[in-house]
Protein chains: 2
Amino acid sequence: MPHIDAFVKKLSRYCALNQADLSVLRELQGPVREFSRGTEIGDEYEERTDAYILLDGWVHNYKLTRDGGRQIINFPVAGDIIGLRSLILPVASYASITLTNVTVCLIPRERLVDVMTRFTHIAASILWTQAHEEAITVEHLVSVGRRTALERVAHLLVELVYRLRLSGLASGWTYDCPLGQHELADALGLSVVHINRVLRQLREREIVTFRQNRVVIHDIAALREVAGFDSSYLDPEGVLE
Amino acid sequence: MPHIDAFVKKLSRYCALNQADLSVLRELQGPVREFSRGTEIGDEYEERTDAYILLDGWVHNYKLTRDGGRQIINFPVAGDIIGLRSLILPVASYASITLTNVTVCLIPRERLVDVMTRFTHIAASILWTQAHEEAITVEHLVSVGRRTALERVAHLLVELVYRLRLSGLASGWTYDCPLGQHELADALGLSVVHINRVLRQLREREIVTFRQNRVVIHDIAALREVAGFDSSYLDPEGVLE
DNA sequence: CGAAAACTTGATTGTTCTCAAGAACAGTGG
DNA sequence: CCACTGTTCTTGAGAACAATCAAGTTTTCG
């Protein structure tokens, strides 16, 4: 089973988990499911009653506007939970579509509710991941509202490398990134053309190269500087660096 | 005690509350505190360990950027909970400052945790308010990322009137709104000057007038149309209209 | 009543968008 | 393995929306 460790690793960052907690987490796991690239996770026509742990692959959550525009809310990566809100709210506030072939582990609603009421450690960890994700969304809002195009692109590329490192999915300053320029544009509130120009600038200044679904950060210090990146929203305890 | 009803009303929209639940909610209430205009809620220097129910007044949550810019995340109004995340996460991801004199009711951390573990109804309601707030933040991100200046301003003014109506704080299409143009600008990712021009345009088209801390919507249908407003994120059950 | 803050308006600048067209790349069937 | 075809990327030129700069005006508050 690929990468279930990423999820456990993430939870244990928030709260020390003992042997009992770990076995409860195992109890939480439902069947593994696969989604091919470009398909919706869950089902947009019926109410979503289950959540998923993303084991492998990339997803994007987004909303469409009246005139056909798309705003991407976030990019869950392996180890993240998808659709936790749908356990609480009757309607999802956005759609989730895969960007690659994806493997998930289904979490049945009843089992999750049961575990969270019986094990406060687990409940706290899961609420913590939620708060963490919300902090990422807030930082995203800051980017789109108050940063220049260059800063936005740089900020997203730095954020992704740190998130992947926290999940153990990137070691150096290089990572596989299946996002196209269209996705970057719709995430950052910019046009595809402008994304292209900004990426060129970052490449020519030898700060970061993003080509063929691969991000190579040549100068992480310069990239952080350009982005005005402050890691505290990802990393309250300062584990990073 | 002003407006505690707004909070109970909000919770009961999510989940039918019986007599026992209501008395538990009463048990949750801690001391009432006052903050004067322009002061930080909680304390930025010590860890925030308590949450507050906003009873009266307006607040804004925001983050500052490196170069002194401000991005406003949201505007809690009476009946909203402030700082719930701080019960979970050790560090708040943004600051909260009052826009008016404010009355809050403190919720001690231990009591909240205790009540939420013992009463799943209450816990569900509170998580539901959280999910609701997150949906508002997501819609905010859509505004800033993919809507024009006119749409953004219109959207915020419509959202506020509906939120106030849901809390019973506005009856017609008119409401008191202590936001200055500087606050609108920093919420919507625009300059103060441009906010001013957009407000003038909305006024000249006789759609909405925002003057002297008072919003008067002359034509709610036109305003919704301009904003591209879809109320489902505020109102899953379609109670509005 | 006076001072500071908030709002208003015009003129100019600039970042980003749109339109347009060519180049590189990826997937498909022969 | 290659030609074909659609998708994604790249670059240029011009237009547009919103920012900045600068100066009044009104409102608020002590």
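Chain letters run A, B, ... following the sequence lines, proteins first, then strands; residues in each count from 1.
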Sidechain N-carboxylate O distance under 4.0 Å for [X], [Y]:
X: B:E139; Y: B:R147; value: yes
X: A:R66; Y: B:E225; value: yes
X: A:K10; Y: A:D80; value: yes
X: B:E183; Y: B:R70; value: yes

Taking five pairs at each end of the helix from C:dC1-D:dG30 to C:dG30-D:dC1, what angle separates the two helix axes (nearest 10°)?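 Taking five pairs per end, the axes differ by 60°.
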Shortest non-hydrogen contact from B:A185 to B:S191?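 For B:A185 versus B:S191, the nearest heavy atoms are CB-C, 3.7 Å.
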Short side-chain to backbone donor-acceptor contact, [X] and [Y], under 3.5 Å:
X: A:Q71; Y: A:A187; answer: yes
X: A:T100; Y: A:W58; answer: yes
X: B:R146; Y: A:G69; answer: no

Can you tell me if A:R214 has over 12 outside heavy atoms packed within less than 6.0 Å of its CZ? yes
What one-letter contact string describes nucleotides 8-20 of chain D from 5' to 3', where B marks a base within less than 4.0 Å of any protein heavy atom, S marks contact via sugar-phosphate atoms alone, and - marks no contact? -SBBBB----BSB
Nucleotide interval of DNA chain C bounded by contacts with chain A (heavy-atom cut-off, under 4.0 Å):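 Endpoints of the contacted stretch of DNA chain C: C:dT16 to C:dC25.
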To the nearest 0.5 Å, what is the distance between NE2 (B:H60) and CD1 (B:I73)?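 Between B:H60 NE2 and B:I73 CD1, I get 10.0 Å after rounding to 0.5 Å.
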